[in-house]
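Order of the sequence lines fixes the chain letters, A, B, ..., with proteins taken first and strands second; residue numbering starts at 1 for each chain.
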There are 2 protein chains.
Amino acid sequence: MPEPLVPPAVPPAAAAADAGPHLRADARRNRAAILAAAEEAFSTLGPDAPVDEIARRARVGVGTFYRNFPTKEALLRAMVVAHIEPMVEAARAAAADDQPGEAVFTLLRNLARELSAFRPVADAVAASGMDVHAKGGATSDRLLAAVDAALTRAKQAGAMRLDVGVDEVAAMMGALCMSDIAAREPATFHRCVDVLCDGLRPVRAGTPGARP
Amino acid sequence: MPEPLVPPAVPPAAAAADAGPHLRADARRNRAAILAAAEEAFSTLGPDAPVDEIARRARVGVGTFYRNFPTKEALLRAMVVAHIEPMVEAARAAAADDQPGEAVFTLLRNLARELSAFRPVADAVAASGMDVHAKGGATSDRLLAAVDAALTRAKQAGAMRLDVGVDEVAAMMGALCMSDIAAREPATFHRCVDVLCDGLRPVRAGTPGARP
DNA sequence: CACTATACGGAGTGATGGTTCCGATTGTCA
DNA sequence: TGACAATCGGAACCATCACTCCGTATAGTG
């Protein structure tokens with residue numbers, strides 16, 4: 001629990017990208033610009049896009065960068081939560097859906113899309129030494145838990161085979177979305193996601209297998 | 001074509017890690033030591049292990065490093081072919097096997113093992129800018145072709161569903177083996193490979209789905 | 001065993017990138 | 001509107017890293 005206590009009576013301040021309690025208008029604008037620029041820079045320039053370049057794209061000096069994020073790692077952490085939070089929401093919604101069967105599969109397809117958008121950031125995180133399973137642990141655990149809940153409900157509804165767990169699903173989804181196939185061959189990528197989803201459905205006798 | 005002409009009548013010199021035609025004994029030893037050290041360094045220190053560190057682990061000066069490999073990229077290329085060549089062999093053997101059905105699946109399991117050993121190198125290649133689909137293109141294309149042949153024979157033998165191609169198989173195998181699940185959770189990883197293989201078998205009516 | 005071509009080691013170089021510092025600028029409140 | 005405090009910009013700093021150079025050591029040969 002990083003937040004100590006007494007959140008200063010400004011509960012839902014900025015949903016955009018949770019900044020501190022009371023930033024000056026330009027500061028807030030700059031912070032958002034930096035986040036957007038970083039997103040673009042990592043996508044375009046690869047996992048180790050320089051800070052100077054990110055600042056340049058945000059039309060901001062490096063000084064401003066380091067006032068908003070004490071270190072490059074801090075920026076990455078912020079980007080991670082910005083990406084993962086919506087996924088957690090989606091997973092929770094799917095777990096609460098009253099048609100759990102189809103909900104998981106649409107969830108998985110949505111996660112596939114968002115995870116592959118997340119890839120450049122994940123690569124940057126990996127390249128910068130800090131490993132996700134220590135730093136972002138809390139966040140990614142929450143995602144796993146939410147997905148697990150959705151899977152469980154789908155199993156209860158008989159829409160999913162029982163002999164695969166979150167670990168396997170997460171591993172395969174993660175692997176697929178972090179691979180460069182997602183960016184390079186969208187068509188093949190979607191085929192793979194579909195195959196994966198098909199593979200999660202319970203094996204029914206008499207299912208016609210191959211399409212012509 | 002970097003080699004001009006007149007290879008000095010020493011055709012099959014070194015199979016270990018194709019060095020030049022006639023190196024002095026210590027030079028040859030050092031080259032091998034560097035390759036081994038690099039393997040270890042990339043595994044331990046991550047994709048951008050410094051050249052100095054590789055040389056140190058090989059108990060060799062940086063000068064020696066650069067005499068054996070004109071550039072870090074050259075080292076990476078050498079490592080790539082060193083990894084991929086045996087896989088090509090294995091794939092060809094599988095394609096020539098007289099039991100194509102089971103041969104593909106053991107091939108895939110072996111490839112899974114060797115691909116995950118290859119991962120640190122692949123990451124280093126990716127991190128160093130040069131992308132595999134241009135530089136190592138020739139080599140990886142040969143691997144793809146060999147695997148394709150094996151798949152085709154398996155399909156002819158009726159051991160594999162017809163509606164997936166090399167692209168899908170390569171994408172999923174690559175994704176799975178390049179993900180960190182292989183290193184972090186070997187058990188889960190093997191489960192996933194098994195699931196993938198199962199998914200490639202033709203869908204037979206009446207197959208009992210979930211194990212208890 | 002002596003001699004020479006070849007290989008060795010590691011200090012030095014230039015470039016790149018993360019981080020700091022401080023004078024100039026600008027938003028905000030009285 | 002005026003003044004203060006917070007923010008801005010970017011030059012400067014330091015560490016890291018790929019790569020070069022050159023004096024020294026050694027393998028291979030007659």
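Remark: P of D/dA18 and CD of B/Glu53 are 11 Å apart, rounded to the nearest angstrom. The interatomic distance linking B/Ile54 (CD1) with D/dC17 (P) rounds to 11 Å, in whole Å. The interatomic distance linking A/Phe69 (CZ) with C/dG18 (P) rounds to 15 Å, in whole Å. Between A/Arg31 atom CZ and D/dC8 atom P the separation is 12 Å, expressed in whole Å. Following rounding to the nearest Å, A/Asn30 (CG) and C/dT25 (P) show an atom-to-atom distance of 17 Å. If you measure from atom CZ of B/Arg28 to atom C1' of D/dT26, you get 18 Å, rounded to the nearest angstrom.
The list of ring-ring contact (aromatic ring centres under 6.0 Å, His included) pairs with a residue in residues 25-44 of chain B, not counting sequence neighbours, is empty.
Partners of A/Arg113 by salt bridge (Lys or Arg N to Asp or Glu O under 4.0 Å), not counting sequence neighbours: none found. Taking the ring-ring contact (aromatic ring centres under 6.0 Å, His included) definition, one finds that A/Tyr66 meets it with nothing, sequence neighbours left out. A/Asp148 meets the salt bridge (Lys or Arg N to Asp or Glu O under 4.0 Å) test with no other residue; sequence neighbours excluded. Under the salt bridge (Lys or Arg N to Asp or Glu O under 4.0 Å) criterion, B/Glu89 pairs with no residue, sequence neighbours left out. A search for side chain to side chain donor-acceptor pair (under 3.5 Å) contacts involving B/Gln99 returns nothing, not counting sequence neighbours.
In summary, A/Arg119 and A/Asp180 do not engage in a salt bridge, as defined by a charged side-chain N under 4.0 Å from a carboxylate O.
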Could I get a table of every N or O pair under 3.5 Å where one atom is in the protein and the other is in nucleotides 27-30 of chain D?
unit_1, atom_1, unit_2, atom_2, d
D/dA27, O4', B/Arg24, NE, 3.4
D/dG28, OP1, B/Ala25, N, 3.3

What protein N or O atoms touch nucleotides 19-22 of chain D N or O atoms at under 3.5 angstrom, if any, and at what distances?
unit_1, atom_1, unit_2, atom_2, d
D/dC19, OP1, B/Thr71, OG1, 2.9
D/dC19, OP2, B/Tyr66, OH, 3.3
D/dC19, OP2, B/Thr71, OG1, 3.2
D/dC19, OP2, B/Lys72, N, 3.0

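For the segment residues 38-50 of chain B, no residue has any heavy atom less than 4.0 angstrom from an atom of DNA chain C.
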Residues 43-54 of chain A, side-chain donor-acceptor partners within the protein, below 3.5 Å, at least two apart:
unit_1, atom_1, unit_2, atom_2, d
A/Ser43, OG, A/Glu39, O, 2.9
A/Thr44, OG1, A/Glu40, O, 2.8
A/Glu53, OE1, A/Arg56, NE, 3.3
A/Glu53, OE2, A/Arg56, NH2, 3.0
A/Glu53, OE2, A/Arg57, NE, 2.9

Show me the donor-acceptor pairs, under 3.5 Å and distance only, between side chains in residues 168-177 of chain A and residues at least two apart or in other chains.
unit_1, atom_1, unit_2, atom_2, d
A/Glu168, OE1, A/Gly165, N, 2.9

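When the shell of 6.0 Å around CZ of B/Arg109 is examined, it contains more than 12 heavy atoms from other residues, nucleotides or ligands.
Note on B/Arg59: only backbone sugar-phosphate atoms sit closer than 4.0 angstrom, heavy atoms only; bases stay farther off.
Counting heavy atoms from C-beta on, the side chains of B/Glu114 and B/Pro86 come closer than 4.5 Å.
OP1 or OP2 of D/dG9 sits under 4.0 Å from a side-chain N or O of A/Thr64.
A cation-pi geometry, defined here as NZ or CZ lying under 6.0 Å from the six-membered ring centre and within 45° of its normal, does not hold between B/Arg31 and B/Phe65.
Rounded to 10 degrees, the angle separating the terminal axes of the helix from C/dC1-D/dG30 to C/dA30-D/dT1 is 20°, with each axis obtained from five end pairs.
Here CD1 of A/Ile181 is found 11.5 Å from OG of A/Ser116. Values are rounded to the nearest 0.5 Å.
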